[in-house]
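Note that the structure is predicted; figures quoted are calculated from it, not measured.
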Amino acid sequence: MQTIYYDLRDTKGQQKEIEDKISAAAKILREGGLVGIPTETVYGLGADGTNPAAVRRIFEVKGRPQDNPLILHVTGAQWLPRYCADIPPVAYTLARKFWPGPLTMVLKRQPTVPDETTAGLDTVGVRCPNHPVTLAIIREAGMAIAAPSANTSGRPSCTSAQDVLEDVGGRIDMIIDGGSCAVGVESTVLDLTQEPPRLLRPGGLPVEDIERLIGHIDVDRAVAASLRPDERPGAPGMKYRHYAPRAPVTVVTGSPTNSARKIAERAGPGSGVICFDEYAHLFTQQVVRTLGPCSDKQIQAQRVFEALRSFDSCEVEEIFAQCPDNRGLGLAIGNRLKKAAGFHVINADSQRIILGVTGGTGAGKSSALQAIRELGGSVIDCDAVYHQVLNGSEEFKNAINVRFPGVFTADGQLDRKKLGQEVFAKRDRLDQLNAIVSRFLLPELEAMVEAAEGLCALDAINLFESGLDRLCDRTVAVTAPTELRVKRIMARDHITEQYARLRLNAQKQDEYYRGKCDCELNNATESPEEFRRDAYLFFERLVEAVQEEKRHG
């Protein structure tokens, strides 16, 4: 297919020529074709949003997963009743203030909107783009245009017509060049079918601006972490790895000075670096793309996708990216960078933060600790350290063997099941074992905590009995309903229900951990992936609180 390319930047006021090209684009859309269109956010791949066959072509050209819904583009709030049902008054309040502009509202859909557009959901995202060319095309076409970003799926979004030509040229009917995108990141997506409204995707309209108008907004888990494979996204960009160049990306958060220093420590010759203008001089041996000044998030938003895309024409094996803070447009910029990195994030702020994470078996500590790793933290597994110390210390083995004869095999290996049967039957026997373990283990763990940098979690079921809690900035109890814990233990350890309940009964109950710990992280979810995302947001907020406390003494 030959793609028609119309450049509307150089018409020099020839209104008739502009109108003819807009009419040609509208005609293609009415006939079921695809047009690359400019908006203030990113370039879109447009089709008639009410034509199932045309919408299916969008998915085919982009290689887009079928469960990833599209956004309808309209010319104003007067179009909402044509495509949306049960429209709340707040939708019109938001439209009056922020349309045209980078705000998408998720509302109940009318039957006229096909499943292909909404990925089978009973909701649809709608927005009014702030670009005169695309608004004119929508009016001329007479229908809402479904228009996801015009990149092939997974790649960084297109902020120029040349990007669109590079990604999908020869596979769509027309590209309209309306100049570079003024905003540079996609629209903010707000779900108005919930109360309070929920932020599904941060974008070109800062969430603070919306909250000043309508009050508190909840933030969806997908803003900070990826959805699990079986979850259906409620808006574009929530589920799949997006915005990614070919080389793996690592995002470095923290103050600009600390994040630049951390990248300088890790980046080798030939690595790619995305940094603020002020720190480009640190990376003389790297391939550098600048985001703009530290203080100018508008420029950073305009440049972030261009920077990510540019590395596909460079021979770099890895990319490190500085990340702005979460205020204003920084939330959207950071979200795009973190999705490009698959949420591989390092926190460069210098404060050492030690979290003690405890709770009974089957509560979900493993998933919680994985969330800490995703935040760039490290984990000290006290059980693993216990076995390392045990295997290297005859004195340690002898102390256990004296108190619990026969729990070691002939070749000197600990029979964990036999030891468990010994100590789980009587609480005093478990206390005796804990006392022995603490005597040999505590000095080793203290040294490891002292050597830790940044965020570090101690995974310790006996956090308080061992005295390790005194090393922690915060202690966290991971709790869960008993019946869920029984099921998890049975599935995880392939044991009977009777033995699983025996193990739980021998341990301290959740009330003990609640009473001892600074805060509680409850796990009543059905899957480890869902709990991991909850834990990510929990620990992210907790770390921010501890950092703020340390900064102000």
**P197 to I214 - nearest heavy-atom pair and separation** =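 Distance-wise, the nearest heavy atoms are CG-CD1, 4.1 Å.
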**Request:** Report, as yes or no, whether the 6.0 Å neighbourhood of atom CD on E315 holds more than 12 heavy atoms from other residues, nucleotides or ligands.
**Result:**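 It does not: E315 CD has 12 such atoms or fewer within range.
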**Prompt:** Hey, is CZ on R327 packed in by over 12 heavy atoms from elsewhere, all under 6.0 Å?
**Reply:**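 Result for CZ/R327: open.
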**Asked** Quick one: do R212 and E208 make a salt bridge, cutoff under 4.0 Å?
**Response**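 No, no charged N to carboxylate O under 4.0 Å.
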Atom [atom1] of [X] and atom [atom2] of [Y]: how far apart are they, to the nearest 0.5 Å?
{"X": "S367", "Y": "E530", "atom1": "OG", "atom2": "CD", "value": "11.0 Å"}
{"X": "D48", "Y": "I145", "atom1": "CG", "atom2": "CD1", "value": "8.5 Å"}
{"X": "F59", "Y": "L45", "atom1": "CZ", "atom2": "CG", "value": "10.5 Å"}

Student check: side-chain heavy atoms of [X] and [Y] closer than 4.5 Å:
{"X": "P148", "Y": "R64", "result": "yes"}
{"X": "R139", "Y": "L135", "result": "yes"}
{"X": "C275", "Y": "V288", "result": "yes"}
{"X": "I217", "Y": "I210", "result": "yes"}
{"X": "P156", "Y": "N151", "result": "no"}
{"X": "T193", "Y": "R198", "result": "no"}
{"X": "V252", "Y": "C323", "result": "no"}
{"X": "P129", "Y": "I138", "result": "yes"}

For [X] and [Y], test the side chains for any donor-to-acceptor distance below 3.5 angstrom and give the result as yes or no.
{"X": "Q286", "Y": "S271", "value": "no"}
{"X": "E17", "Y": "Y6", "value": "no"}
{"X": "H131", "Y": "T39", "value": "no"}
{"X": "D20", "Y": "S23", "value": "no"}

**Message:** Does the structure place the NZ or CZ of R246 under 6.0 Å from the centre of the six-membered ring of F311, at an angle of no more than 45° from the ring's axis?
**Reply:** no
**Item:** Polar side-chain atom of Q302 near backbone of A182 as donor-acceptor pair, under 3.5 Å
**Value:** yes
**Request:** For the pair D173 (side chain) and V35 (backbone), establish whether a donor and an acceptor sit closer than 3.5 Å, ignoring hydrogens and angles.
**Result:**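 Between the backbone of V35 and the side chain of D173 there is no qualifying donor-acceptor contact (under 3.5 Å).
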